[in-house]
Amino acid sequence: RTPLPDEPEGRATAACPDERSLRRLLSGSGTETPAAIDRHCRRIMAEREIRATLALVAQAGGEGRYHALDVRDAPALAALVGDIHRRHGRLDGMVHGAGVIEDRLAADKTVESFDRVYDTKVEGARALLRAALPGTRFVVLFGSVAGAFGNRGQVDYAAANEALEAMAWSHNGGPAGRVVCIHWGPWGGAGMVSPALEREFARQGIGLIGPDEGAACLVRELALGSLSDAAVVLMRAEPPQLTEAFDAPASELQLAVGGAR
């Protein structure tokens with residue numbers, strides 16, 4: 001969602017290594033409201049991540065191209081995929097990792113909020129699968145264990161991720177090649193897990209997936225998985241902990257974890 005930064009970060013904010021110090025700096029100016037400070041911080045941190053990722057790709061000998069668009073905008077997404085094909089002659093694989101969370105109990109959830117959470121996942125995946133051109137070898141849909149087991153306050157998020165799995169099964173082996181939905185457990189150092197949520201997972205005995213570990217799992221799944229697997233659960237936990245955390249029958253959890261690699 002963040003446009004490609006068109007200039008280097010300013011010296012004052014660049015001196016703040018983390019979000020906490022950045023928030024302190026912006027608060028000290030006295031010219032921004034708390035909501036504006038939040039938006040400013042999120043934008044700066046997102047731009048830093050973009051710059052850092054492109055720099056890592058370049059250091060590894062690759063060429064990274066960054067395009068910002070709404071994944072739910074099917075014509076724009078199809079145009080981008082077509083442009084990549086014209087420039088490179090092929091597009092081997094696509095990964096759908098877009099997602100937003102707006103956790104509320106069902107009684108407090110608005111239709112607008114539900115649609116934002118659900119459509120970002122589901123309409124985005126539908127647009128991506130429609131945009132796939134002949135020669136595509138794989139499409140990976142990033143789901144969540146919330147879609148497999150449910151989660152308190154996430155009726156919209158759980159429904160969206162369950163829908164991703166259904167889409168993977170229906171499109172797997174078709175024009176988009178292998179389509180697989182990865183139901184990820186919580187990640188550490190990346191993703192949507194806040195420090196408070198990290199402590200709660202630790203209390204429940206659920207481990208966090210390290211970024212390098214998660215990336216390696218994804219590569220192994222693409223290299224070693226088969227068309228018979230359109231949905232895979234990848235997380236760090238034992239069935240007893242899963243039973244308590246997700247309030248699901250142990251037999252059901254054994255089956256889900258048994259398919260993980």
Side-chain angles (χ1 to χ4, degrees), residues 1 62 64-100 114-150 154 156-185 187 191 209 214-235 252 255-261:
R1 292 173 291 182
R65 290 179 177 268
Y66 182 91
H67 303 269
L69 55 79
D70 188 335
V71 72
R72 299 169 297 180
D73 187 341
L77 191 60
L80 174 60
V81 171
D83 180 61
I84 292 171
H85 266 270
R86 283 189 294 274
R87 284 191 286 109
H88 298 283
R90 68 193 234 199
L91 179 56
D92 296 319
M94 301 187 289
V95 177
H96 174 46
V100 294
F114 186 102
D115 287 347
R116 275 193 301 274
V117 174
Y118 188 86
D119 289 350
T120 299
K121 287 268 188 184
V122 179
E123 294 305 319
R126 183 173 286 116
L128 196 68
L129 288 165
R130 286 176 177 170
L133 295 174
T136 303
R137 296 172 60 188
F138 66 85
V139 174
V140 180
L141 308 178
F142 276 13
S144 166
V145 290
F149 307 131
Q154 291 190 329
D156 44 10
Y157 193 66
N161 286 294
E162 170 65 12
L164 286 190
E165 178 176 332
M167 293 173 71
W169 282 111
S170 63
H171 288 82
N172 190 30
R178 186 188 180 205
V179 181
V180 59
C181 176
I182 307 288
H183 284 311
W184 294 104
W187 283 55
I209 301 170
C217 283
L218 176 58
V219 171
R220 284 198 300 270
E221 179 59 39
L222 291 175
L224 304 177
S226 69
L227 283 174
S228 63
D229 294 324
V232 177
V233 174
L234 290 171
M235 65 184 301
E252 189 176 312
L255 178 63
V257 176
R261 270 180 286 279

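By convention here, the first residue in the shown sequence is residue 1.
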Check: residues 127-146 side-chain donor-acceptor pairs under 3.5 Å, at least two apart:
| residue | atom | partner | partner atom | Å |
| --- | --- | --- | --- | --- |
| Thr136 | OG1 | Leu133 | O | 2.7 |
| Ser144 | OG | Ala146 | N | 3.0 |

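- The closest donor-acceptor contact from the side chain of Asn172 to the backbone of Leu227 lies under 3.5 Å.
- Here the side chains of Asn161 and Lys121 are in contact, with some heavy-atom distance below 4.5 Å.
- By the side chain to side chain donor-acceptor pair (under 3.5 Å) test, Glu162 pairs with no residue at all, sequence neighbours left out.
- Contact record, Val233 with Ala148: CG2-CB, 4.5 Å, taken as the closest heavy-atom pair.
- Taking each heavy atom of Ala168 and Ala230 in turn, the nearest pair found is CB-O, 3.4 Å.
- With hydrogens and angles ignored, the 3.5 Å screen pairs no side-chain donor or acceptor of Thr120 with any backbone N or O of Val117.
- Shown here are the side-chain contact (heavy atoms from CB on, under 4.5 Å) partners of Val71, two or more places apart in sequence or in another chain: Leu77, His96, Ala98.
- Taking both residues in full, the closest heavy atoms of Asp229 and Glu221 are given as CB-OE2, 4.5 Å, listed atom of the first, atom of the second, then distance.
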List the atom pairs, donor and acceptor, that lie under 3.5 Å between side-chain atoms in residues 80-88 and the rest of the protein, sequence neighbours left out.
| residue | atom | partner | partner atom | Å |
| --- | --- | --- | --- | --- |
| Asp83 | OD2 | Arg87 | NE | 3.1 |

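- Met235 has its side chain within reach of Phe149: a pair of non-hydrogen atoms, C-beta onward, lies under 4.5 Å apart.
- Applying the side chain to side chain donor-acceptor pair (under 3.5 Å) test to Asp70 and every residue at least two apart in sequence or in another chain returns Arg72.
- Residues satisfying the ring pair (Phe, Tyr, Trp, His ring centres under 6.0 Å) test with Tyr118, not counting sequence neighbours, are Phe114.
- With sequence neighbours excluded, the residues that form a side-chain contact (heavy atoms from CB on, under 4.5 Å) with Arg116 are Glu102, Glu112, Ser113.
- Under the salt bridge (Lys or Arg N to Asp or Glu O under 4.0 Å) criterion, Arg90 pairs with Asp92, sequence neighbours left out.
- Shown here for Ser228 and Trp169, the closest heavy-atom pair between the two residues is O-CH2, 3.5 Å.
- Residues that satisfy the salt bridge (Lys or Arg N to Asp or Glu O under 4.0 Å) test with Glu123, not counting sequence neighbours, are Arg126.
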